[in-house]
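Order of the sequence lines fixes the chain letters, A, B, ..., with proteins taken first and strands second; residue numbering starts at 1 for each chain.
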There are 2 protein chains.
Amino acid sequence: MPDLSIDVVAKAAGVHRSTVSRAFSRPEAVKSETREHILRVAEGLGYTMSPLAQALRRKTSTFIPLIVPDITNPFFAELAKTMTQAADERGYQLLLCVTNGDPAKTDGYFTAMQAMYAPFGIVAPSTKVDTEALKRFAFGHKVVVIDRVEGDDAVPTVTVDSRRGIMLALDHLHSLGHTSIGYVSGIAGTHTAQDRMDAYLELSAESGSAPVVLDSGSDLDAGTRGAEHFLEMENPPTAIIAANDMVAFAVISALGRSGVRVPEDVSVIGFDGLALGARFNPPLTTIRQPIADMGHIAIELAEKQNIDGSVDHIVLEPELLVRSSTSGPRT
Amino acid sequence: MPDLSIDVVAKAAGVHRSTVSRAFSRPEAVKSETREHILRVAEGLGYTMSPLAQALRRKTSTFIPLIVPDITNPFFAELAKTMTQAADERGYQLLLCVTNGDPAKTDGYFTAMQAMYAPFGIVAPSTKVDTEALKRFAFGHKVVVIDRVEGDDAVPTVTVDSRRGIMLALDHLHSLGHTSIGYVSGIAGTHTAQDRMDAYLELSAESGSAPVVLDSGSDLDAGTRGAEHFLEMENPPTAIIAANDMVAFAVISALGRSGVRVPEDVSVIGFDGLALGARFNPPLTTIRQPIADMGHIAIELAEKQNIDGSVDHIVLEPELLVRSSTSGPRT
DNA sequence: TCGATTGCTGAGATCGGTTGCAATAACAGT
DNA sequence: ACTGTTATTGCAACCGATCTCAGCAATCGA
């Protein structure tokens with residue numbers, strides 16, 4: 001097919017290319033009659049505007065990068081999924097950027113997004129390290145973060161209330177009769193992970209029971225190690241809170257390998273609300289984060305900031321999702 | 001920061017912009033002395049070339065779209081992960097495109113990739129439907145497909161040998177002593193899914209045992225339904241092959257809810273080799289697909305095609321990955 | 001010593017749009 | 001009929017590179 005530029009459409013429609021341009025991007029600036037004619041002609045030719053050329057001239061594009069540490073982690077996958085949708089509902093095109101936890105890549109993506117004239121970007125950081133790169137760029141460029149941020153007044157953020165989530169988990173477990181409740185820490189060194197841990201420590205203390213941190217590591221094997229630790233204890237807790245669903249899976253799996261059954265022998269509750277949890281064995285009781293909402297809100301926040309410069313910090317409410325990995329303690 | 005274009009670098013270095021351009025994209029065409037000076041100056045200014053402007057002028061970019069139906073499915077997530085890496089090892093930038101199984105979106109992405117001057121694209125189709133859109137575009141534009149394709153001589157493809165995979169599974173199960181082996185179908189209506197099913201049917205027959213298809217659906221609940229069907233049978237098989245890991249998870253989960261234990265009561269083997277499987281309860285025995293290889297090869301194939309126009313069809317060897325969801329039949 | 005090659009750099013058109021400004025047409029008011 | 005808007009459209013410069021064509025100096029063969 002012969003290269004389809006704005007000029008060929010213009011010629012075909014018998015108008016100047018600027019008129020074609022306006023017909024597409026500023027409809028009210030061209031007589032409706034002319035516009036419809038142009039659009040019809042364009043349609044017939046199968047013409048679409050080049051996003052590249054547009055971005056170059058306008059110095060602003062519709063590409064919006066979503067920076068995540070690991071798309072293999074279902075939490076980020078679900079986030080990516082809802083965000084792509086939220087994005088193109090508003091005419092944006094989401095670019096998925098995977099850092100694999102490499103801060104250098106994060107940096108690279110930031111400069112790339114700048115070069116692509118992205119109007120803003122979304123970051124779901126894996127470690128506090130990213131925060132540095134973030135600060136360097138966030139100042140000049142619009143970024144919204146899916147996490148809490150140190151001295152978080154500079155960039156908009158959206159998170160869920162970690163404390164409330166842990167509270168929900170604790171309450172659920174208490175109401176089932178558990179009094180000794182352990183904790184296995186999360187995958188990454190994010191503020192969110194930290195917050196959950198802190199909340200557990202505080203709330204445990206408040207309720208009078210001694211906190212039992214089975215593992216405070218931050219890698220994928222935290223779950224496995226936590227389970228090992230659990231197995232070695234003389235007087236193990238009767239329930240375990242996992243910092244997120246993935247480690248809950250690992251915990252249950254590791255426990256299962258040693259013949260410990262969930263929830264018969266010990267209850268386990270996760271944190272995330274992944275769809276996957278419903279198909280785990282057993283289906284995972286968990287604290288659900290409204291991931292879809294987070295996606296939409298992140299974009300809204302970014303747009304809002306672009307318009308009136310406001311920097312908001314939204315914190316969403318988590319909710320308890322009871323499935324089958326928790327029950328009363330064995331008697 | 002003042003807009004950093006090639007001209008400001010040129011001015012700063014005291015040369016013409018075409019020289020700067022060459023210094024970056026055709027190093028051998030400029031005196032090494034000059035080049036180094038330019039590069040130094042550019043470095044100092046923190047200058048990077050605009051990929052947009054480059055793509056526009058060159059009519060070819062380094063954006064390469066990866067079109068997948070659902071990033072939430074760990075198979076595609078792992079594929080995306082290894083492909084991003086493979087991609088930027090070669091200087092490409094992967095754009096993740098999620099269709100949610102909507103053919104219209106597939107179409108949209110194709111035209112978008114065209115507009116972005118992508119040198120080629122990678123498609124992991126969800127249904128045969130995508131194939132149509134594919135044919136419409138693949139002719140004019142380079143696309144490599146992660147699946148088999150009808151009359152597959154037009155586009156390069158990479159797949160794993162489904163028949164061999166099923167054979168591996170069957171052999172494993174047979175060697176454990178199973179003779180009655182059921183099958184639960186896969187998630188999507190891809191050729192791959194079809195091939196696995198066909199292979200099961202054929203190989204079962206060959207080995208003299210009647211095939212037992214527990215569910216042939218193609219949605220996420222195939223696993224659940226398969227399990228239900230299993231529970232209703234008077235004489236259920238002693239082992240189950242799941243068309244992919246995700247349905248294996250669902251099967252085991254559903255079975256577990258009814259008190260049927262894996263592998264004690266029934267063995268289950270998956271197909272994919274997801275990392276997740278290692279942390280399932282129990283850890284999943286499965287047929288591993290070399291996903292990382294698929295990613296690299298897909299890109300190699302595309303490049304090769306771009307160069308010498310060759311259209312190859314690579315089929316990779318799957319391998320058996322024994323974990324804990326299979327054992328001898330209960331006696 | 002002189003024309004021919006070779007190596008390096010500058011000019012300027014071009015990629016596909018956007019946009020401020022000027023020009024023309026259409027419409028009102030008096 | 002004449003002038004002051006207002007609605008439309010054309011003109012041309014510009015966004016940030018790339019690339020062909022020339023120009024110019026240095027090197028080479030005879």
Side-chain angles (χ1 to χ4, degrees), chain A residues 1-39 41-42 45-63 111-119, chain B residues 1-39 41-42 45-63 91 93 111-119:
Chain A
M1 58 207 82
D3 269 3
L4 222 43
S5 79
I6 196 173
D7 285 297
V8 341
V9 178
K11 215 149 301 166
V15 298
H16 190 265
R17 69 179 187 293
S18 49
T19 305
V20 177
S21 171
R22 286 190 275 258
F24 279 93
S25 14
R26 217 136 35 77
E28 75 286 0
V30 66
K31 203 196 329 182
S32 59
E33 205 176 319
T34 325
R35 170 163 37 91
E36 276 163 26
H37 172 228
I38 295 180
L39 260 27
V41 171
L45 266 49
Y47 166 81
T48 344
M49 289 224 162
S50 158
L52 265 51
Q54 285 192 156
L56 180 58
R57 182 59 234 245
R58 290 179 168 163
K59 280 171 170 301
T60 172
S61 69
T62 57
F63 303 127
T111 86
M113 80 169 253
Q114 190 180 169
M116 302 264 290
Y117 297 114
Chain B
M1 60 206 83
D3 270 4
L4 222 42
S5 79
I6 196 173
D7 284 296
V8 343
V9 178
K11 216 149 299 168
V15 298
H16 190 267
R17 71 179 186 295
S18 40
T19 306
V20 177
S21 171
R22 290 186 195 103
F24 277 93
S25 15
R26 215 137 35 77
E28 75 287 358
V30 68
K31 205 197 326 183
S32 60
E33 207 176 318
T34 324
R35 170 164 36 94
E36 278 163 25
H37 172 229
I38 294 179
L39 261 27
V41 171
L45 266 47
Y47 166 81
T48 342
M49 289 223 166
S50 159
L52 265 50
Q54 284 192 156
L56 179 59
R57 182 60 233 248
R58 290 179 166 163
K59 281 172 170 299
T60 172
S61 70
T62 58
F63 303 127
Q93 162 92 41
T111 85
M113 80 170 252
Q114 191 179 170
M116 303 264 290
Y117 297 114

| note | Note: chain A reaches DNA chain C at heavy-atom distances under 4.0 Å over the stretch, first to last nt, 5' to 3', of C/dG16 to C/dG20
| task | Determine the minimum heavy-atom distance between B/T34 and B/T19, stating which atoms define it. | result | CG2-CG2, 4.4 Å
Write down the protein N/O and nucleotide N/O pairs, taken from nucleotides 23-28 of chain D, whose separation is under 3.5 Å; answer none if there are no such pairs.
none

| message | Tell me the interatomic distance from B/L4, atom CG, to D/dG16, atom P, rounded to whole angstroms. | response | 10 Å
| remark: To the nearest 0.5 Å, atom OG of A/S5 lies from atom CG of A/L45 at 10.0 Å
| remark: To the nearest angstrom, the CZ-P distance between B/R57 and D/dC14 comes to 18 Å
| said: Please check if the number of heavy atoms outside A/E33 that lie under 6.0 Å from its CD is greater than 12. | reply: no
| field | B/P27 to B/R35 - nearest heavy-atom pair and separation | value | O-NE, 3.2 Å
| said: By nearest heavy atom, map B/R26 and B/L52 onto DNA chain D; which one lands nearer the 5' end? | reply: B/L52
| query | Within this structure, what is the CZ-to-C1' distance between A/R58 and D/dA13, rounded to whole angstrom? | reply | 18 Å
| query | Side-chain N or O of B/Q54 less than 4.0 angstrom from OP1 or OP2 on D/dT18? | reply | yes
| task | Compare side-chain N and O positions of B/Y47 against OP1 and OP2 of D/dG16 and report whether any pair is under 4.0 Å apart. | result | no
| Does A/F63 have its ring centroid less than 6.0 Å away from the ring centroid of B/F63? | no
| Taking all atoms of both residues into account, what is the closest heavy-atom pair of B/V41 and B/V9, and its distance? | CG1-O, 4.3 Å
| Do B/P51 and B/Q93 have side-chain heavy atoms sitting under 4.5 Å apart? | no
| remark: Whether each nucleotide of nucleotides 4-12 of chain D has a protein heavy atom under 4.0 Å at its base (B), only at its sugar-phosphate (S) or at neither (-) is summarised, 5' to 3', as ----SBBBB
| Which part of the nucleic acid, if any, lies within contact of A/F24, taking any heavy atom under 4.0 Å across all strands shown: a base, the sugar-phosphate backbone alone, or nothing? | nothing
| remark: Residues A/Y117 and A/A55: closest non-hydrogen pair is CD1-O, 3.6 Å
| task | Quick one: closest heavy-atom pair of A/A29 and A/R22, and the distance? | result | CB-CD, 4.2 Å
| query | Okay, side chain of B/R17, backbone of B/I6: is any donor-acceptor separation there less than 3.5 Å? | reply | no
| Atom of A/G46, atom of A/L4 and distance for their closest heavy-atom approach | O-CD2, 3.5 Å
